[in-house]
Amino acid sequence: MYSKILMLRFPQKEVQQPIVCHLAKDFDLVFNILNARILHRREGVMVMELSGTKKHFKDGVRFLKEQGVRVQNASQEVSRNDEKCTHCGACTAVCPTGALWVRRPDMSVTFEQEKCSVCELCVTACPVRAMDVTPSNRTFSK
Ligand code: SF4
Ligand code: SF4
């Protein structure tokens, strides 16, 4: 079984199309959606774990690209530079998974990397660029 975590970026015109269903129906792939979001400029972003035989995996990814979907390997991780972070809280407003949250009563911002889906929304939201995306050593093959 071949398995990877992918980030899919759907162009505006494809956001409403059931493209992902074809991965199961036509390519015999199993997908587990970890995060899905429509950004302000109407681009759709989805993080999913995709599993199947290597051939089916390749065919499925080729199909996605033919539909205009940008497919990226999400085997990256986000980390925080604690020396730069001012605990302003801006990132907590955009984090869809609750990986960044305000601890009370001291109102410090906590980052729980294991909850992070690597959507990168906090990277651009952070005014002091404290959040970094780096290649991950994690492997997702089963
Ligand atoms: S937006 Fe940046 S500086 Fe503010 S709490 Fe988040 S990581 Fe820290
Ligand atoms: S990349 Fe940032 S905003 Fe996205 S899930 Fe991870 S911590 Fe939250």
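This structure is a prediction, so every number in the text was calculated from the model and none was measured. Atoms within a ligand are numbered from 1 in the order they appear, just like the ligands themselves.
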J.: Classify the ring geometry of F57 against Y2: parallel below 30°, tilted from 30° to 60°, perpendicular beyond 60°.
T.: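 Answer is perpendicular, since the angle exceeds 60°.
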J.: Which atoms from ligand 1 have a heavy atom of V128 less than 4.0 Å away?
T.: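 By the 4.0 Å cutoff, the relevant atoms are 3 (S).
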J.: Report yes or no: does C116 have an N/O/S atom closer than 2.8 Å to atom 6 (Fe) of ligand 2?
T.: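 So C116 counts as coordinating atom 6 (Fe) of ligand 2, yes.
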J.: Check the surroundings of atom CD in E83: do more than 12 heavy atoms from other residues, nucleotides or ligands lie under 6.0 Å from it?
T.: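 Incorrect, the count does not exceed 12.
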J.: Atoms of ligand 2 less than 4.0 Å from C122 heavy atoms?
T.: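 Close to C122: 1 (S), 2 (Fe), 3 (S), 7 (S).
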J.: With heavy atoms only and a cut-off of under 4.0 Å, state how V109 meets ligand 1: side chain, backbone, both or neither.
T.: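 Under 4.0 Å from ligand 1, V109 contributes side-chain atoms alone.
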J.: Would you mind listing which atoms of ligand 1 come within a distance below 4.0 Å of any non-hydrogen atom of C88?
T.: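 Answer, ordered by atom number: 1 (S), 3 (S), 4 (Fe), 5 (S).
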J.: Which atoms of ligand 1 are found less than 4.0 Å from any heavy atom of P127?
T.: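 Those qualifying, in numeric order: 1 (S).
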J.: Find all atoms of ligand 2 within a distance of less than 4.0 Å from any non-hydrogen atom belonging to V78, and give their numbers and elements.
T.: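 What qualifies from ligand 2 is 1 (S).
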J.: Are F63 and H22 close enough that their ring centres sit under 6.0 Å apart?
T.: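 So the answer is yes for these two rings.
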J.: Is it the side chain, the backbone, both or neither of M131 that has a heavy atom closer than 4.0 Å to ligand 2?
T.: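 No part of M131 comes within reach of ligand 2.
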J.: For C85, take its heavy atoms, then give the atoms of ligand 1 lying under 4.0 Å from any of them.
T.: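 Answer for ligand 1: 3 (S), 5 (S), 7 (S), 8 (Fe).
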J.: Any salt bridge linking K84 with D82? Criterion: basic side-chain nitrogen under 4.0 Å from a carboxylate oxygen.
T.: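 No, this pair does not count.
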J.: Nearest heavy atom to atom 3 (S) of ligand 2: which of C95, A93, A125 does it belong to?
T.: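 The residue whose heavy atom sits nearest atom 3 (S) of ligand 2 is C95.
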